[in-house]
Amino acid sequence: TLLTMERYGGFVARFVGDGALVYFGYPRAHERDAERAVRAALELLERLQRIGPQESSSDANFFLARFGTPSGRGVVAQELMSPGASAPGIVGDAANLAARLQADAPPGSVQISGDTFELVKGLLDYEALGSRLFKGLSRETSVYLVRGVRPSAQQHMPMSLARGASRMVGRQEPLEAILARWRMATSGQGCQTVAVVADAGGGKTRLALELCSHPEMADAMVLKANCHELFARTPLHPVSQFLWTRAGLAVEDSVAESAIKLASLLDAVKLNDPDTLQVALSLLDLRGSSVDQAVAPTPQILRRKQYEFIVAVFRQLAQEHATVLLVEDTHWLDPSSAELLAEVVAALKDAPALVLLTMRSFPPGPALPKADELLRLARLSDADCRQIARSVPGAELLPAETIDQAVLSADGVPLFVEHLVMSLLDERDQANSPRNRRLGGVPLQLAEMMSERLDPVAGGCPIAQGGRCMR
């Protein structure tokens, strides 16, 4: 339990009998703490099932566990115990709800709260269990039973795009710059590489989606790969996920079924032969469900074949169609994928292709192919932020002064504007339903992002906490 939880960034606070209390977000916050907690619970369940007795045994349930995973705010402080020992204790509804969810969960399962579900929506296969009023809590809680993580989980639609502003604002100039590079690529001037840099929430994904839906891109083939914080040290993880998605693979597929689907993909790119199929299957074995584990080095000959296979796939696709290769969040790109990306870009140098890389200025990522154009997305003006706020469905129901307060608090970050307005709309909807009403404050996704940035700053958290108390 300890090692599994700590690999995902969890802090095992205490063991009580046959149970454990684990904090995610303390003492170090991460941007995706809710996802880390769910993945850790699922991996531990899988490990217990592997070491437990066979189902035919009378002790088949001996190694079963159950997990309750809520999200919320809490206060963690050292609790003094007898005889003078101390341990980090937590106060808040989230701790109470964790115990209730865990006790309510069927053996061998993971249950999450509605708040956690909102943070990981799109990542999971799940069953909605409805709302419940647990003992000791004043509001009803939506409960979900987690079935597993989807294979291409990192490619889910962010909540702000699914529910937020209906249009892009303040990014027309960078959009036109990317379109100009696309025209160059498709007019015989060869592959163009564009890097888009912005802070978290700055609109990189929105800009990429706006580009892909632009009328000029109607005939383009868009190939998308996503990098993931949790798999920044897993070799070729974005490539594996690309193959999963492109071939239409599913978790329940057998090896034979996966081979058939991959063979169909290889037929489409004229690369289907037994050796190539084995190379493609070897890439799928790299996808991994756990993080930061040592991965056995891939033999150099096999690694070279994997590189050549992926380069051949992209070269073949670009020969048949004008192509956009979109790689998001390259600050989390693993070193092997970065090396492969350089080879792909070199192979496409004469092709009608646009390579679009999105990244943050911090943390620094691996070395990437030299960009033909570097675009930095600045923070938006108050006027632009106000347009975004007003374009969120339902925002017309909010008073102008409430919108202005959200704009002021967002400090020019588009994602912050959307989430603050959506949170205000949720509070308004819940105002007449005390049993479902949540405490106000910063939306949990923004709280995750801001906490991760505050933690490394010396004295940052005490200053933010003091400002909150003085507000």
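Everything quoted here is computed from the prediction, not taken from an experiment. Here, residue 1 is the first one in the sequence, and each next residue gets the next number. Below, each value reflects all heavy atoms present in this structure, side chains not excepted, and no hydrogens, waters or symmetry copies.
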Intermediate values then yes/no, salt bridge (Lys or Arg N to Asp or Glu O under 4.0 Å), K261 and D253: CA-CA 10 Å; K261 291 182 178 181; D253 288 345; 2.9 Å; yes
Compute the ring centroids of F24 and Y8, then answer whether they are less than 6.0 Å apart. no
Within the distance-only criterion (no hydrogens, no angle test), does the side chain of R360 pair as donor or acceptor with the backbone N or O of D329 below 3.5 angstrom? no
Would you say the side chains of D104 and Q111 form a donor-acceptor pair under 3.5 Å? yes
Is the backbone N or O of E257 less than 3.5 Å from a side-chain atom of S254, with the two atoms forming a donor-acceptor pair by type? yes
Fit a plane to each ring of Y23 and F11, take the angle between them on a 0 to 90° scale, and name the class: parallel (under 30°), tilted (30 to 60°) or perpendicular (over 60°). parallel
Would the distance check show the side chain of S381 and the main-chain N or O of D384 forming a donor-acceptor pair, the cut-off being under 3.5 Å? yes
Quick one: does any side-chain atom of E6 pair with a main-chain N or O of L3 as donor and acceptor, under 3.5 Å? no
Which pairs, with at least one residue in residues 393-402 and sequence neighbours excluded, count as a side chain to side chain donor-acceptor pair (under 3.5 Å)? none
Go through T205 and L209 one step at a time and tell me if the side-chain contact (heavy atoms from CB on, under 4.5 Å) criterion holds. CA-CA 6 Å; T205 298; L209 288 176; 4.2 Å; yes
Which of these passes side-chain contact (heavy atoms from CB on, under 4.5 Å) with V239: L284, I310, V313? I310
Side chains of Q387 and R167, donor plus acceptor under 3.5 Å: yes
Check: H228/E35 side-chain N/O donor and acceptor closer than 3.5 Å: yes
Among L211, L326, T323, L325, find the one that has a side-chain contact (heavy atoms from CB on, under 4.5 Å) with L354. L211
Residue from L398, V421, L420 passing side-chain contact (heavy atoms from CB on, under 4.5 Å) with V392: V421
Any side-chain donor paired with an acceptor under 3.5 Å for S423 and D426? no
